[in-house]
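The structure under discussion appears below in the form of structure tokens.
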Amino acid sequence: MSDVTIDQPLAAGSAPQPRPVSLRQPRLPRWTPAAVAAGAIAAACGIGIGAALGSRIQWGLIAAGLFVTVMYALAARVEGRRQATDRLATSLVWVCFLIAVVPLVSLIWETVARGVKVLDGGFLSHSMAGVLTIQPGGGVYHAIIGTLEQVGIATAIAAPVGLLTAVYLVEYGRGRLAKAVTFFVDVMTGIPSIVAGLFILSFWILMLDFGYSGFAGSMALAILMMPVVVRSTEEMLKLVPNELREASLALGVPKWRTILKVVLPTAIGGIATGVTLAIARIAGESAPIVLLVFGSQVINNNPFEGAQSSLPYYIYEQWAAGNDASYARAWAAALVLIAFVMILNLVARGIARWKAPKTSR
Amino acid sequence: MDITSSTADSSPPAPAAGKTAAKSATRPGDRIFLALSRGSGILLLVIMAAIAAFLAVRAANALSHNEGNFFTTFEWSANATPPVFGIAVLAFGTIVSSLIAMIIAVPVAIGVALFISHYAPRRLAAPLAYVIDLLAAVPSIVYGLWGALFLVPHLGGLYSWMNDYLGWTGIFAYNDGAARSLFTIGILLAIMILPIVTSVSREVFLQAPKMHEEAALALGATRWEVIRMAVLPFGRSGVISASMLGLGRALGETMAVATVLSPSFVIGTSLLDPGGGTFAQNIASSFKESGEIGKDALIASGLVLFVLTLLVNGAARLIIARRKEYSE
């Protein structure tokens with residue numbers, strides 16, 4: 001190989017020779033993958049209709065299989081083994097990507113398409129009080145109230161604790177305790193939500209004998225939220241340049257004021273983003289709600305007393321009722337919940353972008 | 001602030017950070033702040049310990065009443081007198097459905113991560129990564145609703161197809177019915193853990209040393225060879241820990257499983273036929289009909305789940321931590 005490339009410039013001076021051309025292996029034209037993909041999809045549809053395969057999933061799998069094999073065979077014939085392997089990997093990666101995207105698009109599509117049918121002002125402003133599950137009508141107002149209150153209380157508990165823990169880990173933390181906290185924060189991120197629910201159940205309801213309430217749910221949600229807040233705040237505090245801390249300390253400002261007035265304001269954008277994302281995560285949790293809040297059909301504005309509902313729980317309840325009217329309500333509530341979570345995510349991204357140039361402050 | 005104390009503090013010009021931190025903690029404001037922040041760190045540890053302790057106490061109460069063997073009994077009649085319950089079916093269902101999810105999700109997630117980090121057109125990569133991250137935020141109950149009302153009806157055809165060609169194995173035998181089985185759960189869990197496995201793997205792949213990749217390219221390697229020789233070896237431990245994080249999530253997933261699975265307390269040979277159960281699903285579905293002992297029995301199964309996820313997540317974190325030490 002190498003000597004060919006060396007004498008190539010020598011040869012270039014003399015007569016134009018076909019050798020450089022022969023160095024290049026024949027390549028498939030650029031449009032081949034697209035053409036093969038179109039062919040594979042067409043063939044799969046043909047096979048699907050011909051063999052009367054009911055499920056579209058089969059069609060997709062056949063198309064994917066055809067595409068991968070045909071691309072490999074073509075490349076192996078024209079371009080050689082190594083290129084063919086490369087083509088195989090490329091097409092597999094594309095197929096993986098499509099496999100991942102299809103269910104996700106379908107999920108969003110189904111939720112929006114089926115959800116908008118019932119979703120209107122009345123749905124958002126009414127509870128299920130006096131509505132039989134088989135009747136159309138009713139709404140999610142009580143569930144929205146429940147979600148907002150439970151998530152609000154959970155945030156009020158988890159955000160300060162999470163923030164302070166992150167401050168401890170970044171600004172003070174050395175030695176065994178900090179290491180243990182770091183490790184257990186990581187492990188805590190993975191606690192199943194139902195286990196957090198069971199803990200509050202055994203502690204708050206079974207041992208201390210309080211009743212089911214929105215607050216009990218909030219405590220479980222706070223447990224799920226804390227590690228997320230700690231982790232994201234920690235990352236943000238680590239990004240604050242040490243020069244800022246040193247400058248403030250050099251001016252004789254006590255460490256706690258340095259943290260409050262210099263470090264936290266510098267990182268506030270990232271911290272707010274992290275907290276918002278954590279809120280978005282716990283807003284969709286339903287398992288602890290099932291165990292601790294118990295669900296309700298009517299509006300209960302007091303999170304500390306009596307059963308409440310919440311959006312995720314409402315979806316579960318309406319699904320469990322198992323008829324067309326309740327399914328329609330479940331989809332509409334799912335749409336409301338997804339919209340809520342997505343808006344929170346966009347807000348988080350907005351905050352991150354808005355506060356991004358930290359040095360300009 | 002008070003100048004006297006601050007000058008007294010800064011009199012030794014030693015730059016040792018630990019020393020100054022310890023010194024400055026003598027101010028009342030600093031002492032309070034340190035106490036607060038250390039206190040919340042300790043609070044987190046206390047919560048973890050309390051979770052284990054409370055679950056263990058309730059579980060012990062349930063186990064003392066149990067007439068069956070907790071690990072081998074194929075039955076969950078915790079509310080009967082005498083209560084008889086065992087986690088064999090739940091453990092089987094949890095582990096099998098999570099394994100199916102891993103087998104489907106990990107290769108696909110690696111593919112998607114590679115797609116975003118190395119294959120996608122540059123302009124598409126960032127929005128795609130963002131969309132995948134957004135999908136991690138879709139609540140699990142919505143996945144459950146979609147799984148029960150959309151996925152299950154569409155899987156019937158695929159299952160009878162698998163029954164035709166693979167039914168002889170026994171594992172993939174399928175008698176026409178609603179596809180609310182462990183395999184469906186596996187597929188649904190795979191979709192649910194895909195975003196987290198993808199985003200962690202993508203981060204690792206993006207960190208692969210550019211020099212290695214360029215060196216491989218300069219030696220004439222194809223794109224796949226670059227990935228195989230420079231990217232995947234670098235990212236292996238990252239992918240392993242990402243998959244274990246996904247596994248931890250799949251093990252504890254509750255509502256999606258509770259909505260889709262039609263539970264029963266038998267271990268069938270076929271994965272495609274309805275039946276089985278998982279820890280979290282069983283807790284959510286049978287909670288409302290449970291009495292005192294019933295709830296304690298559910299807490300006992302929750303404790304097993306807690307320990308299981310703790311082990312999986314702890315292992316994942318240890319792998320990540322060790323890798324960090326190497327790369328720094």
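A note on names: the letters A, B, ... follow the listed sequences, proteins ahead of strands, and every chain is numbered from 1.
Residue A:Val95 does not touch chain B at all, counting heavy-atom pairs closer than 4.5 Å. Heavy-atom distances place the side chain of A:Val185, and not its backbone, under 4.5 Å from chain B. At a 4.5 Å heavy-atom cutoff, A:Phe340 makes no contact with chain B through either its backbone or its side chain. A:Met188 touches chain B through backbone and side chain together, each having a heavy atom under 4.5 Å away. Interface remark: A:Leu169 contributes no atoms to any contact with chain B (heavy atom separation under 4.5 Å). For A:Phe294, the parts lying near chain B are the backbone and the side chain together; criterion is any non-hydrogen pair under 4.5 Å. Looking at A:Ile259, only its side chain comes within 4.5 Å of chain B, counting heavy atoms on both sides. When heavy atoms are compared at a cutoff of 4.5 Å, B:Leu128 approaches chain A solely by way of its side chain, counted from C-beta outward. With a 4.5 angstrom heavy-atom cutoff, A:Leu201 touches chain B only via side-chain atoms. Proximity to chain B is limited to the side chain of A:Leu61, based on heavy atoms less than 4.5 angstrom apart. If you measure heavy-atom distances from A:Thr111 to chain B, the contacts under 4.5 Å come from the side chain alone. Heavy atoms of A:Leu291 lying under 4.5 Å from chain B belong to its backbone as well as its side chain. For A:Arg87, no part lies near chain B; criterion is any non-hydrogen pair under 4.5 Å.
Residues B:Ile141 and A:Gly284 approach most closely at CG2-O, 4.4 Å, considering heavy atoms. Scanning all heavy atoms of the two residues, the minimum distance from B:Pro139 to A:Val341 falls at CG-CG2, 4.2 Å. The shortest non-hydrogen separation linking B:Ala148 to A:Trp319 is CB-NE1, 3.5 Å. Between B:Leu145 and A:Ala334, the shortest heavy-atom distance links the atoms CD2-CB, 3.9 Å. Scanning all heavy atoms of the two residues, the minimum distance from A:Ala100 to B:Leu194 falls at CB-CD2, 3.2 Å.
Interface remark: of the candidates B:Thr309, B:Leu151, B:Leu43, B:Val131, B:Thr309 forms the most heavy-atom pairs closer than 4.5 Å to chain A. Between chain A and the residues B:Val112, B:Ile32, B:Ile51, the most heavy-atom pairs under 4.5 angstrom are made by B:Ile51. Most heavy-atom pairs under 4.5 Å with chain A, from the set B:Leu298, B:Leu55, B:Leu149: that is B:Leu149. Note on B:Lys288, B:Arg223, B:His118, B:Glu253: by heavy-atom pairs under 4.5 Å with chain A, the leading option is B:Lys288.
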Check: Where do A:Val167 and B:Leu36 land on the side chain to side chain contact (heavy atoms under 4.5 Å, CB included) test, with the steps shown first?
Finding: CA-CA 10 Å; A:Val167 166; B:Leu36 271 179; over 6 Å; no

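Taking the centre of each ring, A:Trp94 and B:Phe115 come in below the 6.0 Å mark.
Because its NZ or CZ atom is both nearer than 6.0 Å to the ring centre of B:Tyr130 and within 45° of the ring axis, A:Arg349 counts as a cation-pi partner of that residue.
Take A:Ser106 and apply the side-chain hydrogen bond (donor to acceptor under 3.5 Å, both in side chains) test, not counting sequence neighbours, and it matches B:Trp146.
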